[in-house]
Amino acid sequence: MITWRRVTEDDFPLLAHWLRQPHVARWWNHETAPEAVARDFGPAARREEPSEDWLALLDGRPVGLVQRCRLADYPEYIDELSGVMTVPPGAATIDYLIGDPDLTGQGLGPRLIRAMIERTWDDYPEASCVIVPVVAANHASWRALEKAGLERVAEGELEPDNPIDDPAHVVYRIDRPERRPPESRGPSVAAQ
């Protein structure tokens with residue numbers, strides 16, 4: 001079972017360890033010195049900025065990180081994405097990693113993505129969709145998005161996180177499911 005816990009400053013050594021793993025470092029291109037991790041993850045951990053960093057726990061064990069935000073809280077993201085697609089009001093976005101290389105390639109990524117998207121619908125009632133841009137060369141990441149039910153909606157050039165990457169990106173999206181009125185859901189279990 002996947003559960004979630006907000007990242008705290010006590011988690012920074014674990015994040016630094018994960019960020020040093022080759023399968024993460026290749027795409028996240030993040031400094032891992034303690035002061036760099038504190039600088040970059042501290043504001044969200046202290047809730048000084050609107051983005052959220054979540055530890056994904058599998059049966060209580062930390063296995064991954066998901067960063068989530070409302071795009072409206074970061075107009076510069078909307079400006080950049082607007083060059084490749086129309087960003088609808090209420091859009092949210094996520095970024096994610098599996099920390100332990102032994103847990104990659106086992107379907108955990110799509111499970112984390114689906115679980116965080118479900119949580120997003122509950123936590124952000126105004127969220128219309130979740131949009132996720134991915135460097136086109138990161139096939140594992142965009143395949144995880146597809147397996148989680150997101151659809152590719154755009155391709156174009158965006159600033160890559162890692163300067164060695166080409167700016168080519170693919171953009172995935174999933175819309176909030178429509179809520180059906182109770183009478184349209186069919187007979188209840190009690191009525192059968």
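For Glu49, the CD atom counts as densely surrounded, since its 6.0 Å shell holds more than 12 non-hydrogen atoms of other residues, nucleotides or ligands.
Comment: Asp100 engages Arg61 in a salt bridge, judged by a side-chain N to carboxylate O separation of less than 4.0 angstrom. Between Arg47 and Glu52, none of the side-chain N atoms (NZ, or NE/NH1/NH2) sits under 4.0 Å from a carboxylate O, so this pair counts as no salt bridge. Looking at Arg26 and Asp165, a side-chain N of the basic residue comes within less than 4.0 Å of a carboxylate O on the acidic one, giving a salt bridge.
Using a 4.5 Å heavy-atom threshold, the side chains of Asp161 and Trp27 count as separate. Two residues are said to be in side-chain contact when any heavy atoms from C-beta on lie closer than 4.5 Å; Arg114 and Ile2 fail this criterion. Within the 4.5 Å cutoff, side-chain heavy atoms of Leu19 are placed close to those of Leu97.
A pairwise comparison of heavy atoms in Trp121 and Ala127 identifies CZ3-O, 3.9 Å as the closest pair.
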**Working for ring pair (Phe, Tyr, Trp, His ring centres under 6.0 Å), residues Phe41 and His30** = CA-CA 11 Å; Phe41 292 91; His30 202 286; 5.2 Å; yes
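No donor-acceptor pair closer than 3.5 Å links the side chain of Arg70 to the backbone N or O of Ser51. A donor-acceptor pair is defined here as one N or O able to donate and one able to accept, closer than 3.5 Å; no such pair exists between the side chain of His169 and the backbone of Ala154. Between the side chain of Asp53 and the backbone N or O of Gln67, no donor-acceptor pair lies under 3.5 Å. Proximity of a side-chain donor or acceptor of Ser128 to a complementary backbone N or O of Pro89 within less than 3.5 Å is detected. Remark: the backbone N or O of Asp102 is paired with a side-chain donor or acceptor of Gln106 at under 3.5 angstrom.
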Let me check something: any side-chain donor-acceptor pairs from residues 75-82 under 3.5 Å, sequence neighbours excluded? List them with distances.
from: Glu80; atom 1: OE2; to: Glu159; atom 2: N; distance (Å): 2.5
from: Ser82; atom 1: OG; to: Ile78; atom 2: O; distance (Å): 2.7

Side chains of residues 129-149: which donor-acceptor pairs under 3.5 Å do they make with residues two or more places apart or in other chains?
from: Asn138; atom 1: OD1; to: Ser141; atom 2: N; distance (Å): 3.2
from: Ser141; atom 1: OG; to: Tyr96; atom 2: OH; distance (Å): 2.7
from: Trp142; atom 1: NE1; to: Ala136; atom 2: O; distance (Å): 2.9
from: Arg143; atom 1: NH1; to: Glu146; atom 2: OE1; distance (Å): 2.5
from: Glu146; atom 1: OE2; to: Tyr172; atom 2: OH; distance (Å): 2.6

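At least one cation-pi condition fails for Arg5 and Trp54: the charged atom is not both under 6.0 angstrom from the six-membered ring centre and inside a 45 degree cone around its axis.
If you check the side chains of Thr120 and Arg68, you find a donor sitting under 3.5 Å from an acceptor.
To the nearest 0.5 Å, atoms CD1 (Ile117) and CZ (Arg176) are separated by 11.5 Å.
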